[in-house]
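These notes concern the structure reproduced below.
Remember, it's 1-based here, ligands and their atoms both numbered in the order they're listed.
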Amino acid sequence: MKKHNFYAGPSILPEFTKEKTAEAVMNFAGTGLSVMEVSHRSKEFVAVMDEAVALVKELLKVPEGYSVLFLQGGASLQFLMAPYNLMDKKAAYLNTGAWSKKAIKEAKFFGEVVEVASSADANFNYIPKQFEVPADASYLHYTSNNTIFGTKVDAPEVSLPLVADMSSDIFSRPVDVAKYDLIYAGAQKNLGPSGATLVIVKDEALGKIDRPIPTMLDYRTHIGSESMFNTPSTLPVFASLQTLRWLKELGGVEAIEKVNIEKAGMLYDEIDRNKLFASTVPNKEDRSLMNVTFVMAPGYEEAEKEFLDFATARGMVGIKGHRSVGGFRASIYNAMPVDSVKALIETMQEFEKTK
Ligand SMILES: *Cc1c(COP(=O)(O)O)cnc(C)c1O
């Protein structure tokens with residue numbers, strides 16, 4: 001039976017990425033060696049890193065004056081590297097969910113954190129839009145896609161530089177990089193396997209604060225060594241490059257955004273139509289294009305486990321919702337084929353007929 005992979009992360013990758021990576025695990029760039037067993041300083045691997053950086057710049061139209069890095073430690077390490085390197089005495093944070101909260105917790109080690117707005121009052125099911133930012137804050141941090149709560153945030157219009165955790169929607173829609181001092185994303189949602197973390201940082205924003213920064217946590221260390229200060233995660237970077245090539249071939253971020261809008265639109269339409277299900281995000285403009293969260297509609301709550309089993313028997317994998325929301329979550333990242341979304345919709349329709 002065909003499996004439809006709706007896991008939130010690590011998550012589905014393009015067939016192209018898996019095929020090319022499998023080949024290189026056995027014979028990388030004609031070396032007769034595995035990509036896992038060659039020096040990161042070999043000319044073959046340096047070419048992988050260079051092309052990956054160049055494609056990130058091309059696909060996201062990264063302006064001059066920014067560095068693209070592939071680091072380790074996940075988005076979770078960026079929660080502290082960001083304030084370590086960029087926060088003078090104060091920084092502003094928008095709290096839209098569990099990942100925002102974790103970023104806020106780490107930032108508090110470095111100075112005053114102003115939580116400009118929060119949607120905790122409604123279990124993060126909406127995005128606050130009206131808020132004031134302190135003019136003396138170093139930046140405004142936000143989470144562009146709330147993987148757990150199924151909401152998305154469009155770049156806030158503020159006078160401060162932005163810092164964003166784009167782990168779960170990078171490359172899913174265009175982004176105006178010039179507004180940001182820093183963008184970071186764990187690879188394992190829309191790029192590659194876990195183990196690599198993409199960082200896009202504005203060079204000019206660095207070196208402005210007084211605190212000493214340990215070598216590995218200083219972005220300038222990694223900029224100066226082109227992500228090779230220490231051994232990078234070579235296999236995840238190789239796989240990420242394949243996804244970037246795949247995306248370019250498809251027409252880039254603008255082209256995939258159209259597909260993402262279509263895919264998410266189909267699924268939300270079904271959730272809104274089907275009497276058994278209800279979206280957890282009432283405002284349509286706040287709904288994530290990547291993580292579609294839904295619950296059983298009032299009156300059908302007791303059928304939750306039954307639907308999970310029904311869907312699992314039809315090849316749906318990873319649709320159980322996060323424990324803090326309950327219900328279901330269908331993660332439909334860039335690599336998710338339209339046909340898999342259709343298969344889920346058909347499953348929901350078949351289940352409706354049983355009730
Ligand atoms: C998955 C995720 C993280 C955690 O990333 P790690 O690489 O595991 O540290 C952080 N933020 C968001 C928005 C995520 O989706």
ask   = When you look at Asp121 and Tyr126, which way does the side-chain hydrogen bond (donor to acceptor under 3.5 Å, both in side chains) test go after all the steps?
value = CA-CA 10 Å; Asp121 57 348; Tyr126 72 100; 2.9 Å; yes

query = Is it true that the side chains of Ser100 and Thr143 contain a donor and an acceptor less than 3.5 Å apart?
reply = yes

ask   = Which part of Asn145 is near ligand 1, with near meaning a heavy atom under 4.0 Å away: side chain, backbone, both or neither?
value = backbone

ask   = Applying a strict 4.0 Å limit to heavy atoms, is Gln188 in contact with ligand 1?
value = yes

query = Is the Phe79 ring parallel, tilted or perpendicular to the Trp99 ring (thresholds 30°, 60°)?
reply = tilted

query = Nearest protein heavy-atom contact for atom 15 (O) of ligand 1: which residue, which atom, what distance?
reply = Thr147 OG1, 2.5 Å

inquiry  = Out of the candidates Ser144, Ser172, Ser331, only one should pair with Met290 under the side-chain contact (heavy atoms from CB on, under 4.5 Å) rule; please name it.
reply    = Ser172

query = Can the ring centroids of Phe307 and Phe277 be said to lie less than 6.0 angstrom from one another?
reply = yes

inquiry  = Does only the side chain of Lys102 get under 4.0 Å from ligand 1, or the backbone, or both, or neither? Count heavy atoms.
reply    = neither

inquiry  = If you take the nearest heavy atom of each of Leu77, Ile170, Thr197, Asp165, which one is closest to atom 12 (C) of ligand 1?
reply    = Asp165

remark   = Looking only at protein heavy atoms, what sits closest to atom 9 (O) of ligand 1 is Ser76 OG, 2.6 Å

ask   = For Lys189 and ligand 1, does the shortest N/O to N/O distance drop below 3.5 Å?
value = yes

key: Within-cut-off N or O pair, Ala75 and ligand 1, under 3.5 Å   = yes

